[in-house]
Amino acid sequence: MNSPDDLKVFTFAELAELWKTGEDWLRRGVSARVFPHHRIANEIRFTVADAAAILASREVKPAHVPTPAEVDARRADVGRP
């Protein structure tokens, strides 16, 4: 183990409060087995690594904005001036 943070766990309520979101969103992700989590003493908990993985899975990358050269090339491909 590298640090005490490696042992930190969050409940649904704690993680939802940290992210200012609803618990039911987290619960749905766990029920669908989309969000990583741990079961400790029959309770669901999230480690720091679980939380980071959930955030990474929800990343939205910016859209690609074509350059003028790319637009011209695409227009030529479809036969438009």
Side-chain angles (χ1 to χ4, degrees):
M1 272 173 239
N2 298 335
S3 74
D5 281 342
D6 291 340
L7 297 177
K8 173 85 173 131
V9 293
F10 300 96
T11 63
F12 281 107
E14 291 167 336
L15 196 54
E17 173 62 26
L18 180 68
W19 289 346
K20 308 293 187 230
T21 188
E23 283 183 51
D24 23 330
W25 176 75
L26 286 169
R27 290 183 186 281
R28 284 192 306 270
V30 167
S31 292
R33 295 186 178 234
V34 174
F35 295 160
H37 59 281
H38 289 75
R39 284 196 181 271
I40 302 170
N42 209 28
E43 298 286 332
I44 294 174
R45 297 290 184 262
F46 303 92
T47 64
V48 172
D50 293 336
I54 293 168
L55 282 178
S57 74
R58 295 300 179 236
E59 179 183 16
V60 177
K61 300 200 186 246
H64 172 71
V65 178
T67 65
E70 290 172 325
V71 171
D72 291 343
R74 177 70 180 131
R75 284 182 175 157
D77 285 346
V78 295
R80 291 176 48 197

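As the structure is a prediction and not an experimental result, all values here were calculated from the model.
Shown here are the ring pair (Phe, Tyr, Trp, His ring centres under 6.0 Å) partners of Trp19, two or more places apart in sequence or in another chain: there are none. Taking Phe35 as the reference, Trp25 meet the ring pair (Phe, Tyr, Trp, His ring centres under 6.0 Å) condition, with sequence neighbours excluded. Residues meeting the side chain to side chain contact (heavy atoms under 4.5 Å, CB included) test with Glu23, sequence neighbours left out: Phe12, Ala13, Ala16, Arg27.
As a member of the Ile/Leu/Val/Met/Phe/Trp/Tyr network built from side-chain separations under 4.5 Å, Ile40 groups with Val9.
The cluster map of Ile, Leu, Val, Met, Phe, Trp and Tyr, joined by side-chain heavy atoms under 4.5 Å apart, puts Leu7 and Leu18 in different clusters. Under the 4.5 Å side-chain heavy-atom criterion for grouping Ile, Leu, Val, Met, Phe, Trp and Tyr, Val71 is not connected to Val65 through any hydrophobic cluster.
Screening residues 55-65 for side-chain hydrogen bond (donor to acceptor under 3.5 Å, both in side chains), with sequence neighbours left out, gives His64-Glu70. Annotation: salt bridge (Lys or Arg N to Asp or Glu O under 4.0 Å) contacts involving residues 9-21, sequence neighbours excluded, comprise Glu17-Lys20. Judged as a side-chain hydrogen bond (donor to acceptor under 3.5 Å, both in side chains), the pairs with a partner in residues 37-54 (not counting sequence neighbours) are, in order, His38-Asp50, Thr47-Asp50.
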